[in-house]
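Just so we're clear, the structure is a prediction, and the values are computed from it rather than from any experiment. Hydrogens, waters and symmetry mates are skipped; everything else that's a heavy atom, side chains included, is used.
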There are 2 protein chains.
Amino acid sequence: MASRNTVQQRVIAQQLMELGNHPTADEVYRAVRRQLPSVSKATVYRTLNKLVHLGEATCVIAGLGAERFDHRTDEHCHVVCMKCGTVQDVSEGVFNDGVDHADAAAACGYEIVGHDLVFEGICPACQRA
Amino acid sequence: MASRNTVQQRVIAQQLMELGNHPTADEVYRAVRRQLPSVSKATVYRTLNKLVHLGEATCVIAGLGAERFDHRTDEHCHVVCMKCGTVQDVSEGVFNDGVDHADAAAACGYEIVGHDLVFEGICPACQRA
DNA sequence: ACACTTAATGAAAATGATTATCAATAAGTA
DNA sequence: TACTTATTGATAATCATTTTCATTAAGTGT
Ligand SMILES: [Zn+2]
Ligand SMILES: [Zn+2]
Ligand SMILES: [Zn+2]
Ligand SMILES: [Zn+2]
């Protein structure tokens, strides 16, 4: 009986999918609460971390404000707005070409398990403001 | 009289240099306290942020534990240990080839001001443990 | 050297995000 | 249905960082 299938976990995973754009734990919490008004924020954190642990989600290190979660698990890179903190995917995947884990491992002695390429910028909305 | 030259700021900047390897604010604080026992942690935070603002230091977004500061201001990338959180430079700079801000701007509509390439891995010490 | 203005400091409280605790609940099983 | 215990909700605790505010001292002018 290693794991149990609960409504909370199903709704949290579903909302992470539907929100799509790299929500914070608090944004997921507010979305889930519309379907499960008594859900606890602790459960949202627990479930999001569990999904990341299971490889069914990832977390984006944005360096601005709260941690953000990503329903995508394939390798892709992000752009974060330095003003409002929103995170978006940068499509194509062309930017990860030239990033070689073996080269990096040779250069620093670490065992490399992954990498993150994050662009910093100003989003269209904040450019106007 | 826009700005004043204080002992605290001089020692903090000097310790950031001497510590070298991407210390946290707390690590800088403990080092500075050896020379200025009454220094306040708030002053360390204030000064480190000021240095970053002035372009005389940078902060590394590592996504694990506390924020880390870097006395280097040239473009280079990092590797962070997923177990202990230590951050090291990945030399050569070869890994930033192929990262094109104009391409990224075209792909997402953001105005791109910079980027960070962070490898995730296990450091030699943690590999043995 | 002295006085003055105010930027900068130290100490402590406040904030914000995340994790830990624990009694109560409910998912899976027999 | 009864039983076991994984999961939950509520809350407290933790951790990093920022804010507040009275006090100190750097720079300036006398
Ligand atoms: Zn923005
Ligand atoms: Zn993404
Ligand atoms: Zn390590
Ligand atoms: Zn560095």
Side-chain angles (χ1 to χ4, degrees), chain A residues 1-16 22-54 56-70 80 82 84-87, chain B residues 1-16 22-54 56-70 80 82 84-87:
Chain A
M1 197 190 317
S3 175
R4 289 177 186 177
N5 186 354
T6 68
V7 242
Q8 288 88 342
Q9 291 181 15
R10 261 177 281 128
V11 175
I12 289 165
Q14 176 214 329
Q15 283 303 323
L16 177 60
H22 312 91
T24 62
D26 192 70
E27 286 166 347
V28 174
Y29 169 63
R30 291 204 297 275
V32 169
R33 206 168 38 172
R34 292 203 300 268
Q35 291 183 49
L36 298 173
S38 73
V39 76
S40 162
K41 196 175 276 195
T43 298
V44 173
Y45 274 102
R46 277 187 292 240
T47 303
L48 289 173
N49 287 338
K50 182 182 179 182
L51 289 171
V52 170
H53 220 81
L54 290 175
E56 295 170 22
T58 55
C59 53
V60 183
I61 56 180
L64 192 63
E67 188 165 21
R68 287 168 179 278
F69 294 86
D70 195 339
V80 52
M82 294 287 95
C84 65
T86 56
V87 172
Chain B
M1 199 188 318
S3 177
R4 287 177 188 179
N5 186 353
T6 69
V7 242
Q8 287 88 342
Q9 291 180 14
R10 260 177 284 129
V11 175
I12 290 165
Q14 177 214 330
Q15 283 303 324
L16 177 61
H22 313 92
T24 63
D26 192 69
E27 286 166 347
V28 174
Y29 168 64
R30 292 204 295 274
V32 168
R33 207 168 37 173
R34 292 203 301 267
Q35 292 184 46
L36 298 174
S38 72
V39 75
S40 163
K41 195 174 276 194
T43 298
V44 173
Y45 274 102
R46 277 187 291 239
T47 302
L48 288 173
N49 287 338
K50 182 182 178 181
L51 289 172
V52 171
H53 221 81
L54 291 173
E56 295 170 20
T58 54
C59 52
V60 183
I61 56 179
L64 190 65
E67 189 165 20
R68 285 167 180 277
F69 294 86
D70 195 340
V80 52
M82 293 288 96
C84 66
T86 57
V87 173

Least distance between heavy atoms, [X] atom then [Y] atom:
X       : Y       : answer
A:Val52 : A:Thr58 : CG2-C, 4.0 Å
B:Gly85 : B:Val80 : O-CG2, 3.9 Å
B:Thr43 : B:Ile12 : O-CD1, 3.8 Å
B:Arg4  : B:Lys50 : O-NZ, 4.5 Å

Estimate the overall bend of the helix from C:dA1-D:dT30 to C:dA30-D:dT1 from the end axes over five pairs each, rounded to 10 degrees.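 It comes to 30° between the two terminal axes.
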In whole Å, I'd like the distance from the [atom1] atom of [X] to the [atom2] atom of [N].
X       : N      : atom1 : atom2 : answer
A:Leu48 : D:dT7  : CG    : P     : 15 Å
B:Leu36 : C:dG10 : CG    : P     : 8 Å
A:Gln35 : D:dT8  : CD    : P     : 15 Å
B:Arg33 : C:dT9  : CZ    : P     : 17 Å

Going by side-chain contact (heavy atoms from CB on, under 4.5 Å), name the residues that satisfy it together with B:Leu36, two or more places apart in sequence or in a different chain.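 side-chain contact (heavy atoms from CB on, under 4.5 Å) check on B:Leu36 returns B:Gln8, B:Val11, B:Val32, B:Val39.
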Using a cut-off of strictly less than 4.0 Å, decide whether B:Gln9 has a side-chain nitrogen or oxygen near OP1 or OP2 of C:dT9.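 True: B:Gln9 side-chain N/O within range (under 4.0 Å) of C:dT9 OP1/OP2.
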Under 4.0 Å between a side-chain N or O of A:Thr43 and OP1 or OP2 of D:dG9?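 Checking D:dG9 against A:Thr43, a side-chain N or O does come within under 4.0 Å of OP1 or OP2.
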Could you check if a side-chain atom of A:Thr24 sits within less than 4.5 angstrom of a side-chain atom of A:Glu27, using non-hydrogen atoms only?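 When only atoms from C-beta onward are counted, A:Glu27 and A:Thr24 do touch, with a gap below 4.5 Å.
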Is the shortest side-chain heavy-atom distance between A:Val28 and A:Phe69 below 4.5 Å?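 When only atoms from C-beta onward are counted, A:Phe69 and A:Val28 do not touch, as no gap falls below 4.5 Å.
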Using modelled atom types only, decide if a donor and an acceptor are shared between the side chain of A:Arg68 and the backbone of A:His22 within a distance under 3.5 Å.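 Looks like yes, one N/O pair under 3.5 Å.
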Would you mind building the protein contact string for nucleotides 21-28 of chain D? One character per nucleotide, 5' to 3', B for base within reach (heavy atoms under 4.0 Å), S for sugar-phosphate only, - for untouched. ----BBS-
Protein-nucleotides 15-18 of chain C N/O pairs under 3.5 Å:
| unit_1 | atom_1 | unit_2 | atom_2 | d |
| --- | --- | --- | --- | --- |
| C:dT18 | OP1 | A:Glu67 | N | 2.9 |
| C:dT18 | OP2 | A:Tyr45 | OH | 2.5 |
| C:dT18 | O5' | A:Tyr45 | OH | 3.4 |

Kindly state each residue pair satisfying salt bridge (Lys or Arg N to Asp or Glu O under 4.0 Å) with at least one member in residues 34-49 of chain B, sequence neighbours excluded.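 Sorted pair list: B:Asp26-B:Lys41.
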Test side chain to side chain donor-acceptor pair (under 3.5 Å) applied to B:Gln35 - qualifying residues, sequence neighbours left out: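 So B:Gln35 forms no side chain to side chain donor-acceptor pair (under 3.5 Å) with any residue.
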Nearest 0.5 Å, what's the OG1-CG distance between A:Thr47 and A:Leu51?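 Nearest 0.5 Å value for the OG1-CG distance: 7.0 Å.
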